[in-house]
Amino acid sequence: MPDPAIVLSDVDLSLGSGAARVHILKRLSFAVEAGSSVGIVGPSGSGKSTLLMVLAGLERVDDGTVTVGGERLDRMDEDALARFRGRSVGIIFQSFHLMPTMTALENVAVPLELSGRRDAFERAEAELKAVGLSHRLHHHPAELSGGEQQRVAIARALAPEPSILIADEPTGNLDADTGRDIVRLMFEARARRGATLLLVTHDRTLAAACDRRIVMRSGEIVEDVVAETLS
Ligand SMILES: Nc1ncnc2c1ncn2[C@@H]1O[C@H](COP(=O)(O)OP(=O)(O)OP(=O)(O)O)[C@@H](O)[C@H]1O
Ligand SMILES: [Mg+2]
């Protein structure tokens with residue numbers, strides 16, 4: 001693999017305390033080629049979301065190394081991790097996670113502004129236009145449909161031009177047609193920018209649209225298939 005965007009090596013992670021402690025990721029190792037798309041599937045509770053949180057720098061590992069975009073996340077302090085998150089990863093969740101008190105434009109622009117971009121509002125407007133929302137800039141999330149809210153979330157994730165795009169069941173709360181639109185948008189945006197995409201999904205068709213499919217079970221990778229052989 002010429003240029004891996006992500007390298008995980010022997011990653012171990014448990015969460016919770018006492019009797020509620022759960023061993024979630026078990027000596028997980030894999031590498032992802034820059035610019036590729038990876039679909040992650042597996043039963044509920046197999047550790048898919050936790051894995052994404054690790055890659056996004058939102059969850060620390062107990063053991064092993066996590067290298068994303070050439071940076072060792074396991075060695076970073078909280079400030080460095082926060083900077084990494086603002087700069088290098090875009091995250092899209094199933095439930096959109098928009099700020100209810102902010103307009104669509106503010107939801108995209110304010111994080112950019114906080115990271116020091118002077119052109120935050122211009123950039124946010126351009127990103128919202130790119131996802132077909134130029135007519136909804138001043139709407140609040142409650143005034144938008146689910147598909148529109150997810151478009152705002154995609155614009156927000158893409159605005160800092162991250163090299164890694166992470167999506168956790170991005171179509172889980174949408175009807176099939178809207179879900180397809182959202183997926184098309186995500187894949188187009190990824191291709192245009194050459195970003196690496198990691199996508200957790202219960203949808204086999206969606207997983208098959210990726211260059212590679214990883215199947216997790218009980219915190220381990222039990223199957224890892226590249227596109228040529230995907231059925
Ligand atoms: N903070 C936590 N403390 C204790 N256990 C946790 C914590 N977070 C997650 N878990 C447990 O870790 C396991 C993996 O959770 P995770 O959310 O990664 O699964 P998942 O594969 O994304 O599942 P789903 O498909 O339902 O979203 C689950 O059994 C969950 O209960
Ligand atoms: Mg999950």
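Counting starts at 1 for both ligands and their atoms, in listed order.
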Is atom 31 (O) of ligand 1 in close reach of the protein, with a heavy atom under 4.0 Å away?
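No; the ligand atom in question lacks any protein heavy-atom contact below 4.0 Å.
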Starting from [atom], find the nearest protein heavy-atom neighbour and note its residue, name and distance.
atom	result
atom 14 (C) of ligand 1	Gly45 O, 3.4 Å
atom 2 (C) of ligand 1	Leu15 CB, 3.6 Å
atom 16 (P) of ligand 1	Thr50 OG1, 3.6 Å
atom 25 (O) of ligand 1	Lys48 NZ, 2.7 Å
atom 17 (O) of ligand 1	Ser49 CB, 3.7 Å
atom 5 (N) of ligand 1	Val22 CG2, 3.6 Å
atom 26 (O) of ligand 1	Ser44 OG, 2.6 Å
atom 10 (N) of ligand 1	Ile24 CD1, 3.5 Å

Does ligand 1 have any atom sitting under 4.0 Å from a heavy atom of [X]?
X	value
His202	yes
Met53	no
Gly42	no

Roughly how far, to the nearest 0.5 Å, is the [atom2] atom of [Y] from the [atom1] atom of [X]?
X	Y	atom1	atom2	result
Met102	Arg156	CE	CZ	9.5 Å
Arg85	Ser115	CZ	OG	13.0 Å
Ser49	Asp168	OG	CG	3.5 Å

Assess whether a salt bridge exists between Glu113 and Arg117, defined as any Lys/Arg side-chain N lying under 4.0 Å from an Asp/Glu carboxylate O.
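So Glu113 does not pair with Arg117 through a salt bridge.
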For Arg212, is there an ion pair with Asp224 - N to carboxylate O distance below 4.0 angstrom?
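Yes, this pair counts.
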Mind checking whether Met53 and Met76 sit in one hydrophobic cluster, side chains of I, L, V, M, F, W, Y counted as touching below 4.5 Å?
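Per the 4.5 Å side-chain linkage, Met53 and Met76 are co-clustered.
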4.5 Å side-chain heavy-atom contact, Glu161 and Arg123:
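The answer is yes; the side chains approach within 4.5 Å.
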State, yes or no, whether a side-chain contact exists between Arg87 and Arg83 at a heavy-atom distance under 4.5 Å.
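The answer is yes, as the side chains (C-beta and beyond) meet within the 4.5 Å cut-off.
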Members other than Leu133 in its cluster, when Ile, Leu, Val, Met, Phe, Trp, Tyr link by side-chain heavy atoms under 4.5 Å?
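Once heavy-atom contacts under 4.5 Å are chained together, Leu133 belongs with Ile92, Phe96, Leu98, Leu105, Val108, Phe121, Leu128, Val131, Leu137, Leu144, Val152, Ile154, Leu158, Leu165, Leu174, Ile182, Val183, Leu185, Met186, Phe187, Leu197, Leu199, Leu206.
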List every atom of ligand 1 that sits less than 4.0 Å from any heavy atom of Gly16, numbering the atoms from 1 in the order shown and giving each element.
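This gives 3 (N), 4 (C) as the contact atoms.
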Please report the C-alpha distance between Arg193 and Glu127 in whole Å, then the side-chain angles of each, then the deciding distance to 0.1 Å, and finally whether the salt bridge (Lys or Arg N to Asp or Glu O under 4.0 Å) criterion is met.
CA-CA 13 Å; Arg193 296 162 201 243; Glu127 291 291 348; 3.0 Å; yes
What protein atoms of element N, O or S are positioned under 2.8 Å from the Mg ion (ligand 2)?
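Listed by chain and number, the atoms are Ser49 OG.
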Among Leu28, Leu8, Asp12, Val66, side chain to side chain contact (heavy atoms under 4.5 Å, CB included) partner for Val61
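Only one option passes, and that is Val66.
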Check each of Leu51, Val200, Leu55, Leu58 against Ile166 using the side chain to side chain contact (heavy atoms under 4.5 Å, CB included) test, and report the only one that passes.
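With Ile166 as partner, side chain to side chain contact (heavy atoms under 4.5 Å, CB included) holds for just one option, Leu55.
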Just to be sure I read this right, does ligand 1 sit under 4.0 Å from the backbone of Arg21, its side chain, both, or neither, counting only heavy atoms?
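Arg21 to ligand 1: no contact under 4.0 Å from either part.
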Using the rule given for side chain to side chain contact (heavy atoms under 4.5 Å, CB included), can you reason through His202 versus Val41, listing the C-alpha separation, both sets of side-chain angles and the distance that settles it, and then say yes or no?
CA-CA 6 Å; His202 281 295; Val41 298; over 6 Å; no
